[in-house]
Amino acid sequence: MKAVPASGRIPWRGLLCALVVLVAFGLLLATCTAVTHPGGTAGPVPSGTASASASDAPIRVDLRRYYTQDPRWRPCPERSFQCASLRVPRDYAHPEAGDIALSAIRRAATGRGAARIGALQINPGGPGLSAVDDLLAYADSYSPSLRAAYDLVAVDPRGVGHSTPVECGATGLPGTGTRGAPSSDEAAIIDTWAAYHAEVAADCARRAGRLLPHVGTLDAARDMDVVRAVLGEDRLHFLGFSYGTYLGATYAELFPSRVGRFVLDGAVDPAMDGYHAYLNQARGYQIAWESFADDCARRGHCPVGRSVKEAGRTLDALVAALDRAPLRQGKDDRLDGEALLGAVVTALRAPDWETLRSLLDGVRSGDTGVLRELVGSEDDAPGDESMTAVNCLSSALESRSTPAQTLAALPEFRRASPQFGAFYNEDLSTCAHWPARPTQLPRRVSARGAGPILVLGTTRDPATPYDQARALAGQLSSGRLLTWDGDGHTAYQRGSRCVDTAVDDYLLHGLLPPTGAVCR
C-alpha cells in the first residue's frame with residue numbers, strides 16, 4: 001500500500017540497504033549551525049525520582065497483575081540484546097476477556113551507577129513497523145553517550161510485527177495486473193481503489209475481527225505505561241519518530257505526570273483530521289519534489305529538465321507513458337504510473353536524490369532497473385495490514401470517504417499537489433468499510449503537567465510536513481520546537497550535527513535548545 005499520513009522512518013533505511021547506495025546524509029545541506037532567537041533554556045528535567053503524582057497514581061485493581069508481572073528476560077539470538085514477551089489485556093475496559101502478547105527487547109546501558117539514567121523506549125513510526133526489528137538493526141547508530149546512559153528498549157505495538165499481529169492475508173494491489181489494466185478515467189481509478197479497500201476490510205474482519213477494535217493508539221499508549229512499570233521506571237523516557245510522535249503525544253495526554261524526557265521527531269498533528277492529513281501530505285510531497293527539482297536543475301545533467309515547471313511536466317509525462325504501456329515485473333505484476341510515483345515518494349522521503357535522479361534517468365531511457373528495485377523494496381516492507389488497522393481507529397489518521405466524495409475532493413488535491421494530489425486522493429476511502437470504529441477523535445493535546453517535550457520538525461519533510469510539528473509543539477503545554485532547515489522525513493540521525501547534539505543534550509542532560517532554535 002502507499003505511504004499514509006504517519007508513515008515511519010524505516011523506508012529510508014530499507015531503501016539504502018536494498019539498493020546499497022552510497023549517499024551521505026545531508027548531501028545537499030549546508031554545514032549545520034544553530035540559529036537561535038531570544039529565549040531562555042529550560043533547566044534540566046529530572047530523570048530518576050518521580051513526583052508523588054507519578055509514582056502514587058492509582059492503578060485499577062484488575063490491571064495490577066499486568067503492571068507487576070515479572071517477565072523472563074532471556075538472551076536474544078543477537079547476544080547483546082535481551083528478549084521478553086509481556087502480557088497486556090486485549091481490552092483495557094474488560095481485562096477479564098483475555099490477554100495479548102507484546103514482543104520486547106532491550107540492550108543494557110553500557111554505563112553503570114550514576115552514569116545510567118534509565119530505560120529509553122524507542123518507536124520508529126509506521127504504524128505497522130516493527131520497533132524490535134528497527135532497534136536490532138540500528139542500535140549502534142545511537143551515540144556512545146546515549147548507549148551508556150540508557151537501556152535501549154523497543155516493543156512492537158499491539159497488532160504489529162512480533163507482538164500479537166493483525167494478519168489478514170495477501171491481497172493484490174490495484175494496477176498491478178491482478179485487477180485489469182489501469183484506467184485513465186479518474187472515477188474508474190477511484191472505484192478500483194475503493195473496491196480494493198473494501199476487500200481488505202472484509203478480509204480483516206474475517207481473519208482478525210476480535211482484535212481489530214483493540215489495536216488503536218490509545219491502547220498502545222496504555223501498553224507503554226505497563227512496559228514502563230515492568231522495567232521498574234517511575235517515568236517514561238521516549239524517542240518517537242513520525243507516527244511514534246502521535247503515540248508519544250497520546251501517552252503524554254494520558255499520563256502527564258509520568259512523562260520523563262520525551263523527543264518527538266517528524267510530528268503528527270493530533271488535531272488534524274484524516275482528510276486534511278492526506279491533503280497535507282500531498283502538499284508536503286509537492287514541496288519535497290520541487291526542492292529536488294530545483295537542485296537537479298542546477299546540476300550538469302538533470303533528467304527532468306532545467307526548471308521546476310519542466311520537471312513537473314516531465315514526471316507527469318513519464319507517469320502517463322507507463323499508464324499507457326505498463327511494464328511487466330514477474331508473472332502478474334506490472335510497473336505503471338502508480339508504481340513510478342510510489343518510487344519517487346520513497347526516494348523523496350529518504351531523501352535520496354542521487355537514486356531519484358538515476359530512477360528518472362533510467363525510466364526516460366527505458367531502463368527500469370532502479371524502479372524495479374524501489375518497487376521491490378516497498379513491496380517487501382511489512383506492516384500494511386497493521387498500518388491500516390491502527391490508522392482506522394483514529395480519526396486523526398483515517399478517512400472514510402465514499403468514491404463520490406473522493407472524486408469530489410480530487411480538484412482540491414490537484415491544486416495542493418499537481419504531481420501527487422491524485423496519488424493521495426485515492427486513499428481517502430481506505431477506512432470506508434473498516435469493521436472497527438475510531439476510538440480517537442482529532443483533538444488538541446496539551447499534556448498539562450508533563451515535563452518539557454522536545455518536538456523536531458524538518459522544513460521540507462514530505463511525510464509529516466513541518467506545519468504539523470509547529471502545531472504539536474504549540475498544543476503541548478510544555479512543548480519546545482527545534483526546527484531543521486532540511487529535506488526528508490524526520491531530523492535526528494539524518495546528518496545534522498546540530499540536531500543530533502541538541503537531542504542528545506536533552507536526553508542526557510535535560511537541556512532544551514533555546515526557544516526558536518533552527519538548525520541549518
Peer 1: Please enumerate all residues that pass side chain to side chain donor-acceptor pair (under 3.5 Å) together with Arg443, with sequence neighbours excluded.
Peer 2: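 Checked Arg443 against side chain to side chain donor-acceptor pair (under 3.5 Å); matches are Glu253.
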
Peer 1: Roughly how far apart are Leu236 CG and Phe262 CZ, rounded to 0.5 Å?
Peer 2: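 Leu236 CG to Phe262 CZ: 4.5 Å, rounded to 0.5 Å.
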
Peer 1: Test the Arg107-Phe81 pair against the cation-pi criterion, namely NZ or CZ under 6.0 angstrom from the six-membered ring centroid and within 45° of the ring axis.
Peer 2: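 Yes, Arg107 sits over the ring of Phe81.
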
Peer 1: Tell me whether Glu233 is salt-bridged to Arg235, with the criterion being a basic N under 4.0 Å from an acidic carboxylate O.
Peer 2: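 Salt bridge: no.
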
Peer 1: Nearest 0.5 Å please: distance from the CZ atom of Arg106 over to the CD atom of Gln121.
Peer 2: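 Rounded to the nearest 0.5 Å, the CZ-CD separation comes out at 12.0 Å.
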
Peer 1: Quick test of your reading of the model: are Arg90 and Asp219 salt-bridged, counting only N-O distances below 4.0 Å?
Peer 2: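 Salt bridge flag = no for Asp219 with Arg90.
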
Peer 1: Within the side chain of Ser242, is there an N or O that forms a donor-acceptor pair under 3.5 Å with the backbone of Gly244?
Peer 2: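 Flag not set: sc Ser242 to bb Gly244 has no pair under 3.5 Å.
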
Peer 1: So do Thr430 and Asn391 actually touch side chain to side chain, heavy atoms under 4.5 Å?
Peer 2: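 Asn391 vs Thr430: side chains apart.
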
Peer 1: Side-chain contact, heavy-atom cut-off 4.5 Å: Cys204 with Thr388?
Peer 2: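 In short, these two side chains do not touch, never coming nearer than 4.5 Å.
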
Peer 1: Do the side chains of Leu507 and Leu146 get nearer than 4.5 Å, heavy atoms only?
Peer 2: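 Yes, at least one pair of side-chain atoms sits under 4.5 Å.
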
Peer 1: Indicate yes or no: at least one non-hydrogen side-chain atom of Val230 is less than 4.5 angstrom from one of Gln69.
Peer 2: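 Touching, per the 4.5 Å side-chain cut-off.
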
Peer 1: Would you please name every residue forming a ring pair (Phe, Tyr, Trp, His ring centres under 6.0 Å) with Tyr275, sequence neighbours left out?
Peer 2: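 Listed in chain order: Phe413.
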
Peer 1: Where does the angle between the aromatic ring planes of His237 and Tyr150 fall among parallel (under 30°), tilted (30 to 60°) and perpendicular (over 60°)?
Peer 2: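 Taking Tyr150 first and then His237, their aromatic rings stand perpendicular (interplane angle over 60°).
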
Peer 1: Test of understanding: with salt bridge (Lys or Arg N to Asp or Glu O under 4.0 Å), list the residues that count as partners of Asp151, not counting sequence neighbours.
Peer 2: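 Arg116.
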
